Number of protein chains: 2
Amino acid sequence: MNRILADASESKGRTYHYFADKGELFRATLERRLEPITDFHAIPDEARGWGAGEFWARLGSVCDRLTRVLQDDMQLASLMRTLHEERAAQAACADLLDALRKGIGSLLTAGQAVGAVRGDLPLALLSAITLDLVVAVDRWFALNAATLSADEEADLSRRAFTLLMAPLLPPHSLKGSLP
Amino acid sequence: MNRILADASESKGRTYHYFADKGELFRATLERRLEPITDFHAIPDEARGWGAGEFWARLGSVCDRLTRVLQDDMQLASLMRTLHEERAAQAACADLLDALRKGIGSLLTAGQAVGAVRGDLPLALLSAITLDLVVAVDRWFALNAATLSADEEADLSRRAFTLLMAPLLPPHSLKGSLP
DNA sequence: ACATAAATAGACCGGTAGTCTAAATCCCGA
DNA sequence: TCGGGATTTAGACTACCGGTCTATTTATGT
């Protein structure tokens with residue numbers, strides 16, 4: 001905190017007048033940076049007529065957009081990394097995380113309506129693990145991007161989408177599942 | 001650290017003589033507690049003759065065993081929770097985490113050998129997201145166990161195993177995948 | 001113009017992980 | 001058994017952290 005304040009030439013008094021603590025400052029910063037993608041889970045009206053294939057295509061483009069935003073906004077990416085790694089950050093941003101999971105939940109509900117997403121597990125569980133999966137895949141690519149050519153990365157990234165998809169599919173569409 | 005030392009009636013000098021810093025103390029503690037399950041990824045010789053179904057059954061019993069160990073050893077569960085939540089703990093235990101991912105990797109390699117696990121994505125990626133998925137599912141159950149009856153929990157837990165399985169299956173076994 | 005309220009700077013506080021010194025203890029050859 | 005160098009130990013001390021408190025400045029309404 002002291003370093004942040006020194007870098008920004010801000011005083012403690014002023015800062016703590018507007019933010020209760022370090023966590024709220026982090027939360028407010030993240031919320032601002034997140035503004036451009038607060039509508040990521042919006043589902044267009046024509047979705048009613050969709051089939052499962054169209055749903056997955058749509059979800060793919062949502063993921064592409066989020067990935068692109070994170071690639072372009074390094075500071076947002078850094079905030080998200082901190083959010084993932086620091087318990088204190090998660091506590092401070094609990095409401096934002098809830099909203100994010102709710103947004104994913106509404107996407108998945110739309111997917112269930114068109115038969116693309118399984119309905120045999122609690123929606124909250126599916127939302128939670130989807131978020132974790134997105135983060136995990138994204139983090140792996142962030143760590144290993146250096147060792148990959150652009151072509152390889154694009155190819156892998158396309159195939160990695162099936163990692164997100166697979167756990168969401170209705171279980172009867174998996175061949176050779178367990179008793 | 002001061003609280004830990006006071007609770008254990010240990011002095012600073014003695015402790016810092018044997019452990020470089022707080023992180024190493026944590027790492028050493030975790031490593032000890034982890035000893036009983038260091039062999040979790042062992043694959044018996046008869047695996048050569050397995051089919052995919054037997055592989056998944058075997059993986060299911062590995063998961064069951066790990067879950068049972070974590071339920072019985074609350075202190076290990078607590079260490080694992082800290083490891084998941086604290087960036088500093090992850091840094092201190094980087095080698096243990098690597099070993100864990102390597103263990104998962106060797107399990108998955110066995111799965112690939114019998115055609116149960118996809119081979120179209122880097123093994124390291126599959127290992128990493130599998131670990132994250134296990135942690136995510138486990139955490140969801142830990143948070144929501146209170147609202148579930150024992151029967152519901154057992155039933156859900158059995159079905160939740162498909163969440164781990166699904167992203168590992170060869171993509172051709174998913175119906176209706178994306179172009 | 002004055003009184004009251006809001007905003008601001010920065011000294012200060014309790015608590016943290018980690019260091020340093022000096023004393024105690026161990027170990028081994030004479 | 002003694003002596004002296006090396007190892008081990010206790011705990012005072014340091015640097016730094018997030019957060020509070022007070023005194024001063026600045027804004028606002030009458």
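The sequence lines fix the lettering, A, B, ..., with proteins before strands; numbering per chain opens at 1. Computed from a prediction, not measured in an experiment: that's the story for all the values here.
- By the side chain to side chain donor-acceptor pair (under 3.5 Å) test, Glu86(A) pairs with no residue at all, sequence neighbours left out.
- Residues meeting the salt bridge (charged side-chain N to carboxylate O under 4.0 Å, His left out) test with Glu54(A), sequence neighbours left out: none.
- In this structure, Pro36(B) has no side-chain contact (heavy atoms from CB on, under 4.5 Å) partners at least two apart in sequence or on a different chain.
- For Asp155(B), the salt bridge (charged side-chain N to carboxylate O under 4.0 Å, His left out) criterion is met by Arg158(B), Arg159(B), not counting sequence neighbours.
- Under 3.5 Å, the side chains of Thr82(A) and Arg87(B) contain no donor-acceptor pair of N or O atoms.
- For Lys22(B), the side chain to side chain donor-acceptor pair (under 3.5 Å) criterion is met by no residue, not counting sequence neighbours.
- Within a heavy-atom distance below 4.0 Å of DNA chain C, the residues of residues 8-16 of chain B found are Lys12(B), Tyr16(B).
- The outermost nucleotides of DNA chain D lying under 4.0 Å from heavy atoms of chain B, listed 5' to 3', are dT8(D) to dA12(D).
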Could you pull out every donor-acceptor pair under 3.5 Å between side chains of residues 97-109 of chain B and any protein atom, sequence neighbours left out?
unit_1	atom_1	unit_2	atom_2	d
Asp98(B)	OD1	Arg101(B)	NH1	3.2
Ser106(B)	OG	Gly103(B)	O	2.9
Thr109(B)	OG1	Gly105(B)	O	2.8

Using residues 71-78 of chain A as the side-chain source, report each donor-acceptor pair under 3.5 Å to any protein atom, sequence neighbours left out, with the distance given to one decimal.
unit_1	atom_1	unit_2	atom_2	d
Asp73(A)	OD1	Arg33(A)	NH1	3.3
Asp73(A)	OD1	Gln75(A)	N	3.2
Asp73(A)	OD1	Leu76(A)	N	3.0
Asp73(A)	OD2	Arg33(A)	NH1	3.2
Gln75(A)	OE1	Arg33(A)	NH2	2.7

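- Of the residues in residues 17-33 of chain B, those placing a heavy atom less than 4.0 Å from an atom of DNA chain C are Asp21(B), Lys22(B), in numerical order.
- Clustering of Ile, Leu, Val, Met, Phe, Trp and Tyr by side-chain heavy atoms under 4.5 Å joins Met1(B) with Leu5(B), Tyr16(B), Tyr18(B), Phe19(B), Leu25(B).
- Evaluation of the side-chain contact (heavy atoms from CB on, under 4.5 Å) rule for Ala116(B) yields Ala52(B), Phe55(B), Trp56(B), Val114(B) as partners, not counting sequence neighbours.
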